[in-house]
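Here is the naming used below: chain letters follow the sequence lines, and residue numbers restart at 1 for every chain.
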There are 2 protein chains.
Amino acid sequence: MGALMRRPTIMDIAKAAGVSKGAVSYALNDRPGVSKATRARILAIAHDLGWAPSSTARALSPGGRVGALGLVVDRPAHSLGVEPFFMQLVSGIEAELAVTGMDLLLQVTEDADAELAVYRRWAAERRVDGVILVDLRVDDARVALVEDLALPAVVLGGPDGAGTLPCLYSDDAASMREVVHYLAALGHERIAHVCGPGGLVHSRVRSEAFGHAAAEAGLHQAFSIEADYTGEAGTRTTRKLLARSDRPTALVYDNDLMAVAGLGVAREMGVDVPSRLSIVAWEDSVLCQLVRPSLTAVSRDVPFCGGEVARMLALAVAAEPLGPREAPRGELHPRASTGPRRA
Amino acid sequence: MGALMRRPTIMDIAKAAGVSKGAVSYALNDRPGVSKATRARILAIAHDLGWAPSSTARALSPGGRVGALGLVVDRPAHSLGVEPFFMQLVSGIEAELAVTGMDLLLQVTEDADAELAVYRRWAAERRVDGVILVDLRVDDARVALVEDLALPAVVLGGPDGAGTLPCLYSDDAASMREVVHYLAALGHERIAHVCGPGGLVHSRVRSEAFGHAAAEAGLHQAFSIEADYTGEAGTRTTRKLLARSDRPTALVYDNDLMAVAGLGVAREMGVDVPSRLSIVAWEDSVLCQLVRPSLTAVSRDVPFCGGEVARMLALAVAAEPLGPREAPRGELHPRASTGPRRA
DNA sequence: CTCCTTTGCTGAACCGGTTAAGCAGACGGC
DNA sequence: GCCGTCTGCTTAACCGGTTCAGCAAAGGAG
């Protein structure tokens, strides 16, 4: 049988077909330069030999692509673990990449500088063809860096602060208006918004939208309070809010984790949800559906966004011009944690 | 200034230093063949030029490493999102890889065949130096495949079913005995164990251990019931269990997600936790600490396991012989969801 | 029949590293 | 003074693809 121990190369195919390396390359890449018959013969042999292109060799050629995209997640490991958002995003990205046979490099970093270092390394070592930026910050150093490195990138977020980079944004302000009007319609006046760090663009957008919507609805006791997305912050902040003499009757949390924490605190402090306190979570997830009472949540199709952003990045890598694109906005899913204000 | 637009190569360094490519390579890789003085000069120039090795070029050389490890996660996207386990594992792996400058390729697949296809592709295209196998199944086809492909791999799980592959296992049986004895000491006799799919090795190990420990403790009404790790399965199974006339007084869940779902069902059905029902979750996570009552859980250091398995894989890639290794066992963290059985 | 174009292929350079082989010069032993 | 060895470097092949220039043969136009 003369079993070939090493993986077959195009040279092996060329010998078997009695043609040159070049001809094989043309045939395998569907490029002109070989006759139909020769192409078919080469493809058949390649298939028989179980040939697959060496990603490293291919990437080495001038203009060659690595066939991989990168995603860096810069959040403390423990909070990250419990947030469905990232894995949902990742599975959406992967579903798209699977189509094109590309891969995803995932990196978890502990701080912003480490994240910048990763992009620098990826660019220098040619590890990826492009990157996806999430959790856009105000004056985000990453935007300037990837522009400077000429590393193709797409921002999930924006469009403010995305610089010249293409981005996929959702109209959080509109969703926030929906939430506020919903709570106002239920009679709530003292509403608190537990938001994420002010350094995050989407956090800022939501807080501003919250303020505007509340003013529009004539709610003068509504306010935002900053937390950091972790369960502990949710617990701490909620305790403080519920201990006030002018206790809010409704709370809007910027993520599901803090909302669940808040629900726990309410229970602990004997504040019944939803009769005494209404709770709305921003990201929806199984979590919101599992706890009791189940949480009213703003739900968006995260896997879809992942796929979309991957598609956009593929275009950006191919140097296709690309502007900001809008994702379907998050929709409010009323569940058991919200109800009319009791007198 | 003569700014160099393209990334510097060793050829650029060689020219600047007035030596050959080979000398530069020796210097940069800390290999003999250049004098101390020349080495220092070359390193300085490399640093000035901001040189970084091209991962693709390096990988192309005979015996060259790609500098990346692969992890495939084969679970439905939505359940995966909420389970802290994977992200914890990933961040542990990354922390280790960051030291050596390697990368992690993550792939999420929807079924076992797709997972096998990924390993085949990675091996054929030389995308990774090795892979980490999680969620070991009984008669796992992946073990045979990676052995066949000569793709270095480490199993997180086992040691049964890991074949000749090195593995990192934890003594789940011992942890399960601890759980059962703890519940027995609280007076519980009717204990149900909501386990994962029987096809998973660790699921089977835990179920058997549960049965043995219960028998040891003289609990003849203890039994395991299979579910699939999703929240819905947790909900459904718990409903069934709590509706029985001989309702269990304690439930042990094989993951945190199902435990949280179970807690919700108990609340819904008016079964108070912990006075009427005790609940133990297997994986610990922020989730267990956030819900009310907080969940008693078996906690293991998942990030540590991730780091350890990455270290082991690095050794396996370097063809160092490697046997099964034991991870610290999961420890029971009693919280508010367990208490003495009430008459 | 000649000239020009197209088709189909070959040969070789190239990407950016690694590494074996070769070689000049210094140095030491006897 | 001669030989052998070690040091420090160069040269060139090689990894597995892509791609450009070149070229022979076939086909069509005039």
Side-chain angles (χ1 to χ4, degrees), chain A residues 4-43 45-46 49-68 101 121 123-127 129, chain B residues 4-43 45-46 49-68 101 121 123-127 129:
Chain A
L4 202 56
M5 284 319 288
R6 47 174 193 61
R7 3 187 339 262
T9 71
I10 55 165
M11 197 57 208
D12 298 320
I13 301 176
K15 278 183 195 143
V19 296
S20 69
K21 267 173 69 174
V24 174
S25 181
Y26 290 139
L28 293 172
N29 290 294
D30 246 339
R31 295 163 55 97
V34 283
S35 68
K36 264 186 87 81
T38 309
R39 184 187 306 276
R41 188 157 45 92
I42 289 174
L43 288 177
I45 292 172
L49 260 47
W51 176 86
S54 154
S55 62
T56 61
R58 204 164 239 182
L60 196 52
S61 289
R65 309 242 171 277
V66 182
R121 186 173 64 82
E125 298 180 357
R126 286 202 44 137
R127 277 312 233 280
D129 293 322
Chain B
L4 202 57
M5 284 319 287
R6 46 173 193 64
R7 5 188 336 264
T9 71
I10 56 166
M11 197 56 208
D12 298 321
I13 301 176
K15 278 183 195 145
V19 295
S20 70
K21 264 172 70 175
V24 174
S25 181
Y26 291 137
L28 293 172
N29 290 295
D30 246 337
R31 296 163 54 99
V34 282
S35 67
K36 263 185 88 82
T38 309
R39 185 187 305 275
R41 189 159 42 94
I42 289 173
L43 289 177
I45 293 173
L49 260 46
W51 177 87
S54 153
S55 61
T56 60
R58 201 164 242 182
L60 196 51
S61 288
R65 309 243 171 278
V66 182
R121 185 172 65 82
E125 297 180 358
R126 288 201 43 140
R127 279 312 238 272
D129 293 321

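- For A/Ile10 and C/dC14, the CD1 to P distance is 18 Å, given to the nearest whole Å.
- If you check every strand for non-hydrogen atoms under 4.0 Å, B/Ala52 touches sugar and phosphate atoms only.
- Between the C1' atom of D/dG16 and the CZ atom of A/Arg65 lies a distance of 19 Å, rounded to the nearest Å.
- Residue B/Thr56 is classed as having no contact, given no heavy-atom separation below 4.0 Å to the nucleic acid.
- To the nearest angstrom, C1' of C/dC15 lies 17 Å from CD of A/Glu125.
- With a 4.5 Å cut-off on side-chain heavy atoms, B/Asn29 and B/Arg58 count as touching.
- Distance, A/Met11 CE to D/dC14 C1': 13 Å, rounded to whole Å.
- The A/Pro62 side chain lies nearest to C/dC15 when the options are C/dC9, C/dC15, D/dG16.
- Considering only side-chain N and O atoms, A/Arg31 lies under 4.0 angstrom from the phosphate OP1 or OP2 of D/dT19.
- If you take CG of B/Asp12 and P of C/dG17, they are 9 Å apart, rounded to a whole angstrom.
- One interatomic measurement links the two molecules: CD1 of B/Ile13 to P of C/dT18, which rounds to 10 Å at whole-angstrom precision.
- For A/Ser20 and C/dT10, the shortest distance from a side-chain N or O to OP1 or OP2 is below 4.0 Å.
- Side-chain atoms of B/Arg41 come within 3.5 Å of backbone atoms of B/Ala17 as a donor-acceptor pair (strictly under, hydrogens ignored).
- Taking only side-chain nitrogens and oxygens, B/Ser25 never comes nearer than 4.0 Å to OP1 or OP2 of C/dT19.
- Dashed line: the shortest gap from a side-chain N or O of B/Ser35 to OP1 or OP2 of D/dG8 is not under 4.0 Å.
- Judged by distance alone, with hydrogens and angles left aside, A/Lys21 brings no side-chain donor or acceptor close enough to the base of C/dG11 to form a pair under 3.5 Å.
- Between A/Arg58 and D/dT18 there is a side-chain N or O to OP1 or OP2 distance below 4.0 Å.
- Taking for each of B/Arg39 and B/Ala57 the nucleotide of DNA chain D with the nearest heavy atom, the 5'-most of the two is the partner of B/Arg39.
- Relative to the side chain of A/Tyr26, the nucleotides D/dT10, D/dG16, C/dT10 differ in distance, and C/dT10 lies closest.
- Residues B/Ser20 and B/Val24 have side chains not in contact (no heavy-atom distance under 4.5 Å, counting atoms from C-beta outward).
- No side-chain heavy atom of A/Asp12 sits less than 4.5 Å from a side-chain heavy atom of A/Trp51.
- Across the protein-nucleic acid pair, A/Arg126 atom CZ and C/dC15 atom P stand 12 Å apart, rounded to whole Å.
- For C/dG17, the OP1/OP2 oxygens have a side-chain nitrogen or oxygen of B/Trp51 closer than 4.0 Å.
- Counting heavy atoms from C-beta on, the side chains of A/Ser54 and A/Arg7 come closer than 4.5 Å.
- Contacts of B/Val19 with the nucleic acid, taken as non-hydrogen atoms under 4.0 Å apart, involve only primed sugar atoms and P, OP1 or OP2.
- Atom C1' of nucleotide C/dG16 and atom CG of B/Leu49 are separated by 15 Å, given to the nearest angstrom.
- Proximity of B/Val66 to B/Arg126: side-chain heavy atoms (C-beta onward) are separated by under 4.5 Å at one or more points.
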